[in-house]
Number of protein chains: 2
Amino acid sequence: MAHLPSSSAGPGLADAATPAFSPLYQQIKALILESLQAGEWKPGEAIPSEMDLAGRFRVSQGTVRKAIDELAAENLLLRRQGKGTFVATHSEQQVRYRFLKLMPDAGDLASEGQPQREVLECRRVRAPAEVARMLALRAGDAVVQVRRVLSFGTVPTILEDLWLPGAFFKGLTAQQMAGYHGPTYAMFEVEFGVRMVRAEEKIRAVAADAVQAELLQVPHHTPLLSVERVAYTYNDAPMELRRGLYRTDTHHYRNELN
Amino acid sequence: MAHLPSSSAGPGLADAATPAFSPLYQQIKALILESLQAGEWKPGEAIPSEMDLAGRFRVSQGTVRKAIDELAAENLLLRRQGKGTFVATHSEQQVRYRFLKLMPDAGDLASEGQPQREVLECRRVRAPAEVARMLALRAGDAVVQVRRVLSFGTVPTILEDLWLPGAFFKGLTAQQMAGYHGPTYAMFEVEFGVRMVRAEEKIRAVAADAVQAELLQVPHHTPLLSVERVAYTYNDAPMELRRGLYRTDTHHYRNELN
DNA sequence: GAGTGGTCTAGACCACGCG
DNA sequence: GCGTGGTCTAGACCACTCA
């Protein structure tokens, strides 16, 4: 690993269109990522110090630093000066509900407290074609389907359907979905070792149908925000499909553009 | 500037709660930002090389590099290996329509081509109280109000109202709004020297009223995405309030969570 | 005081763009 | 071939945390 100038990423690809020059720190980054995927360090744990890693990879501290910098920027690692570098978690106070962009029109998330969860359904089913496609499964593969309502105070605000690959979420129960304190993704880490790393959302405006209207306690045909999310774990592997309906009479979806 | 270890940011603030330790590269970053705000380098132009800046600020190249890295990460500067570092623009092919998150359900932005713009209204008015508040103006200050419809192909898809501070957008005409090829924010840079740096959006689902329904050629009460945006220039100064209504029957608002 | 991440430097060399 | 940004190193010192 040491002193290999401009080594390319993979072997046996000499005829590729681009030489695929890969800087050392990118290779280090890839190695750290592999360890993360492999579960060598669990969520919340500290990874070895920069000096240790530099020694292990036969590389200078600065090179390891640059690799870790990028992983920290992607929210995979969390640096804490004086303490160490830690595997990021959905349990941290600072970034809890990182993926929940719905904010109360007045006040902030803190003043609102934790959402109440009511799990309406939690069962193992065969994946419908479209669900299978979005989760990169075969149609008919087992998935866990969950339907729940999240309420702020006493106001039901979010109606969500979740689909999770059955192979990774064996034994998920309605009790687990409802009882865990904190973000659902934190529970997934603790109970199933599945860490959600990023997600993509498609947002539309729709009219509530009869069932939805009743569950959210709004008039039939009320405009609702439809949020379709695919969440990915390491390696861009899709791990959750989520279809949410948000009431936006007291809340709004907040987004920042940079 | 050189060799000042741990100097604090401002003078005469010895009694502040925190010593406000500020790394050298942050101070350099602030200086570069000032030059950007002052217009020392115009959008699209190259800024001095890292070595030049290092000399000017009596600092090593690595320190300048770290300052520029952060500014590039914030999309204020654009690095191009072998060529230089440039003041970012809304005209670049890569990031055109950076702030427009509406995507066609099938295909991509490229296949869809440029949106057609129809300007319904463009006039100078006194700012209503709420508009003034969001633009940090006094109620009654002059603002330019624009109403327009954006169409993809022949389908009207976006109905937008814009409010711009009159002091910065003197002489903005409907012709300018309609005639410019490329993003509106690129036109603002060229014609008014105003560069939008970031924005915040609040998104809701609403039902089309009679006027909106006719302009977007949809049935009355059709659910639409309401997107309220405040766009900021340097220094977090609000420079535009925009209220958009998006049809989401053929398009969706796309967001990435990290 | 030992150990961690954070800053800063100086210098070498590499990849890229362009004349 | 030169100038640009990009990578990598080695070493010094600083700020923070905790025992």
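Below, all heavy atoms of this structure are taken into account, side chains as well, without hydrogens, waters or symmetry copies. Treat the numbers as computed from the prediction; the structure is a model and nothing was measured. Residue numbers start from 1 in every chain, and the chains themselves are labelled A, B, ... in the order their sequence lines are given, proteins ahead of strands.
Taking atom CZ of B/R58 as the reference point, atom P of C/dT9 lies 12 Å away to the nearest angstrom. Spacing between atom OH of B/Y25 and atom C1' of C/dT9 amounts to 16 Å, rounded to whole angstrom units. For the pair A/Q61 CD and D/dC14 C1', the interatomic distance rounds to 13 Å; values are reported in whole Å. Going from atom CD of A/E70 over to atom C1' of D/dT7 covers 12 Å, rounded to whole Å. Atom CG of A/D69 and atom P of C/dT4 are 17 Å apart (whole Å). The distance between atom CD1 of B/I28 and atom C1' of C/dT7, rounded to the nearest whole Å, is 13 Å. The distance from atom CZ of B/F21 to atom P of C/dT7 is 7 Å, rounded to the nearest whole Å. Distance, B/L24 CG to D/dC13 P: 17 Å, rounded to whole Å.
Listed nucleotides: C/dG6, D/dA10, C/dC8. Nearest to the side chain of B/S60: C/dC8. Residue A/K83 places its side chain closer to D/dT17 than to any other of D/dT17, D/dG5, C/dG5. Taking only side-chain atoms of A/T63, from C-beta outward, the nucleotide of D/dG6, C/dG17, D/dT9 with the closest atom is D/dT9. Taking every side-chain heavy atom of A/S49 into account, C/dT4 is the closest of C/dC8, C/dT4, D/dG6. Checked against C/dG6, C/dC8, D/dT7, the side chain of A/R65 finds its nearest nucleotide in C/dG6. Comparing D/dT9, C/dG5, C/dC8 by their nearest atom to the side chain of A/R79 picks out C/dG5. Residue A/E50 places its side chain closer to C/dG5 than to any other of C/dC8, D/dT9, C/dG5.
Contact check for B/L162 versus B/L241: no side-chain heavy atoms found under the 4.5 Å cut-off.
The aromatic rings of A/F169 and A/F192 sit tilted relative to each other, their planes meeting at an angle between 30° and 60°.
For the pair A/R80 and A/F86, the cation-pi criterion (under 6.0 Å, within 45° of the ring axis) is fulfilled.
Ring centroid separation for the pair B/F168 and B/F188 does not come in under the 6.0 Å cut-off.
Neither OP1 nor OP2 of C/dC8 sits under 4.0 Å from any side-chain N or O of B/K66.
A residue-by-residue look at A/Q81 and A/Q26 shows that A/Q26 has its nearest nucleotide of DNA chain D further toward the 5' end.
Residue B/H90 holds its NE2 atom at 8.0 Å from CE of B/M196, rounded to the nearest 0.5 Å.
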